[in-house]
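Position 1 is the first residue of the sequence, and the numbers go up from there. Ligands are counted one by one from 1 in listed order, and the atoms in each one are counted from 1 as well.
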Amino acid sequence: MTDPISSNFQVNYRYEVHFTHGVFHSDNPLLRTLLSRENLPIRTLAAVDEGLARSRPLLSDEIVRYCLPFSDRIHVVVLQAGESNKNTIEGLHELYRLIAQKGICRHSFILAVGGGALLDLVGFAAATAHRGVRLIRIPTTTLSQADSGVGVKNGMNFEGKKNFIGSFAPPFAVVNDFEMLATLPDLVKRSGYAEAVKVGLIRDRFFFDEIEAAAPELTRFEPQSLQWIIRRCAEGHANHIASGGDPFETGSSRPLDFGHWSAHKLETMSQFRLSHGEAVAIGIAIDVAYSVRIGLLDEDSAERIFAVLEKLGFSLCASELSGMDVLLGGLEDFREHLGGELTIMLLEEIGTATEVHAIDCAKMKSAIRFLRRRQTGAPRPRRSI
Ligand SMILES: NC(=O)c1ccc[n+]([C@@H]2O[C@H](COP(=O)([O-])OP(=O)(O)OC[C@H]3O[C@@H](n4cnc5c(N)ncnc54)[C@H](O)[C@@H]3O)[C@@H](O)[C@H]2O)c1
Ligand SMILES: [Zn+2]
């Protein structure tokens, strides 16, 4: 036996999350500055969310007009959007084909312009073509600006399993353009609020209090409140990635996935009728009700959390909650996805989360039944939660 060869190296990542209005307006220098950081000919492939393109028919032309003066090549492709594009391979193939045809190399840029689903798909293509092309994310939904677009992950679904395929790949930069939010339907606008409530609950009591106080303005989607919650949530998210000690989730713990074991299962059970944000709101409610049942969280705090989610416009119930055994299968899916020991985040109090490694299925079912009764207004047992 000879001594093994040992390699030990560190890679430092740094990227910025910018906030702007009108990223493709000719007088907005931000994106031009990002793309021109190195003195190289700039080749860009912009992948645009179809739903966004439908709402902004001139967007593709705007992107070309913005990039052309300082680009060697610019090509825009509009891709089918939403969760369905994460379920099939077609969008990915199209992107690989274009990357090859248009001469996009590791020093070129891919711009992903759209909602969280499009960012996940394009992010995976960018991370895997040529083993990694620079990606600039331009998220265009509340949820993607506040949460998914800010992080280091991409993902595609496989045979009903959410994000089964994917990689950890920090972007080159993120540009949150608040102007993009104007064309969002209310339901999609609201979705991101669930992730913000989650961040408040697991790590920032003050943020939760602020969301509670701002609920009326948030419900009316007032631009100032929308921009405030996105910024605060994105900050919480980015700080966790940078300073949480495990950006690429090598351990079994995943605090930012509070409420997500059931949310992911509910999304697939509903065949994606429930959006990610709607499912996360229900997932949070389930884990809050369970936290009470195992004596971790007090009932008043739980009622406060339910009330805030409901004030923001979320329903805390869905017909899929009647398929309890299938839903509980989400626990094992979640464990497999994280690897290692089952690790579920629960709440001790608002702003303080704790990990558990086993779930009492009878109590979890009772928490789910409670949410169903709550929705139907059926009489509750003496202990309300
Ligand atoms: N990678 C991660 O870390 C991470 C984290 C959280 C969520 N996600 C993923 O994000 C996805 C959810 O993202 P989402 O909530 O943005 O939904 P989405 O991407 O499905 O978009 C919702 C709808 O809004 C449309 N749209 C997007 N921008 C628009 C605009 N400005 N105007 C009008 N319509 C617009 C889209 O075409 C789509 O129909 C899920 O697939 C979820 O798994 C990923
Ligand atoms: Zn989420």
To which protein heavy atom is [atom] closest, and what is the distance rounded to 0.1 Å?
{"atom": "atom 15 (O) of ligand 1", "answer": "Leu143 CB, 3.6 Å"}
{"atom": "atom 27 (C) of ligand 1", "answer": "Thr141 CG2, 3.4 Å"}
{"atom": "atom 14 (P) of ligand 1", "answer": "Gly116 N, 3.6 Å"}
{"atom": "atom 29 (C) of ligand 1", "answer": "Leu184 CD2, 3.3 Å"}
{"atom": "atom 20 (O) of ligand 1", "answer": "Gly82 CA, 3.5 Å"}
{"atom": "atom 31 (N) of ligand 1", "answer": "Met180 O, 2.9 Å"}
{"atom": "atom 11 (C) of ligand 1", "answer": "Ala117 N, 3.5 Å"}
{"atom": "atom 23 (C) of ligand 1", "answer": "Val188 CG2, 4.1 Å"}

**Message:** Ring centroids only, cut at 6.0 angstrom: are Phe248 and Tyr13 within range, meaning strictly under it?
**Reply:**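 So the answer is yes for these two rings.
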
**Message:** Is the distance from the ring center of His130 to that of His107 below 6.0 Å?
**Reply:**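 No, the ring of His130 stays outside the 6.0 Å limit from the ring of His107, centre to centre.
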
**Request:** Measure the shortest side-chain to side-chain distance between Leu135 and Asn154 over non-hydrogen atoms and say whether it is less than 4.5 angstrom.
**Result:**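 Side chain of Leu135 against side chain of Asn154, heavy atoms only: no contact under 4.5 Å found.
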
**Asked** Would a search of protein heavy atoms around atom 39 (O) of ligand 1 find one under 4.0 Å away?
**Response**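 Neighbour list for atom 39 (O) of ligand 1 is empty of protein heavy atoms (cut-off 4.0 Å).
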
Within reach of ligand 1, part of [X] (heavy-atom separation under 4.0 Å):
{"X": "Ser55", "value": "side chain"}
{"X": "Asp120", "value": "side chain"}
{"X": "Lys86", "value": "side chain"}
{"X": "Thr140", "value": "both"}
{"X": "Thr183", "value": "both"}
{"X": "Asp147", "value": "side chain"}
{"X": "Arg56", "value": "neither"}
{"X": "Lys153", "value": "both"}

Side-chain H-bond candidate by donor/acceptor type, [X] with [Y], under 3.5 Å:
{"X": "Gln101", "Y": "His75", "answer": "no"}
{"X": "Glu83", "Y": "His276", "answer": "no"}
{"X": "Ser243", "Y": "Asn239", "answer": "no"}
{"X": "Thr20", "Y": "Asn28", "answer": "yes"}
{"X": "Thr44", "Y": "Ser71", "answer": "no"}

**Asked** With a cut-off of 4.0 Å, which atoms of ligand 1 are near a heavy atom of Ser148?
**Response**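 Near Ser148, the atoms of ligand 1 are 2 (C), 4 (C), 5 (C), 6 (C), 7 (C), 8 (N), 44 (C).
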
**Request:** Give a yes or no on whether Asp257 keeps an N, O or S atom under 2.8 Å from the Zn ion (ligand 2).
**Result:**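 It does not; every qualifying atom lies at 2.8 Å or beyond.
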
**Request:** Treat each ILVMFWY residue as a node, draw an edge where side-chain heavy atoms are under 4.5 Å apart, and state whether Leu331 and Val356 are in one component.
**Result:**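 Yes, Leu331 and Val356 fall within the same hydrophobic cluster.
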
Among the N/O/S atoms of [X], select the one at the shortest distance from the Zn ion (ligand 2) and name it.
{"X": "His276", "value": "NE2"}
{"X": "His260", "value": "NE2"}
{"X": "Glu195", "value": "OE2"}

Would you check whether [X] has a nitrogen or oxygen atom less than 3.5 angstrom from a nitrogen or oxygen atom of ligand 1?
{"X": "Leu181", "result": "no"}
{"X": "Asp49", "result": "yes"}
{"X": "Glu83", "result": "yes"}
{"X": "Ala81", "result": "no"}

**Asked** Do any heavy atoms of His264 fall under 4.0 Å from ligand 1?
**Response**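 His264 does not count as a contact of ligand 1 under the 4.0 Å cut-off.
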
**Item:** Lys/Arg-Asp/Glu bridge criterion (N-O < 4.0 Å) met for Arg304, Asp209
**Value:**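 Looking at Arg304 and Asp209, the cut-off is met.
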
**Prompt:** Can Arg65 be said to sit on top of Phe24's aromatic six-ring, NZ or CZ under 6.0 Å from centre and within 45° of the ring axis?
**Reply:**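 Geometry flag: not set, cation outside 6.0 Å or 45°.
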
**Asked** Taking all non-hydrogen atoms of both residues, which atom of Glu195 and which atom of Val280 are closest, and how far apart?
**Response**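 That closest heavy-atom pairing would be OE2-CG2, 3.9 Å.
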
**Message:** Checking salt bridge (Lys or Arg N to Asp or Glu O under 4.0 Å) between Glu320 and each of Arg273, Arg372, Lys265, which is the one that passes?
**Reply:**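 For Glu320, the salt bridge (Lys or Arg N to Asp or Glu O under 4.0 Å) check succeeds only for Arg273.
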
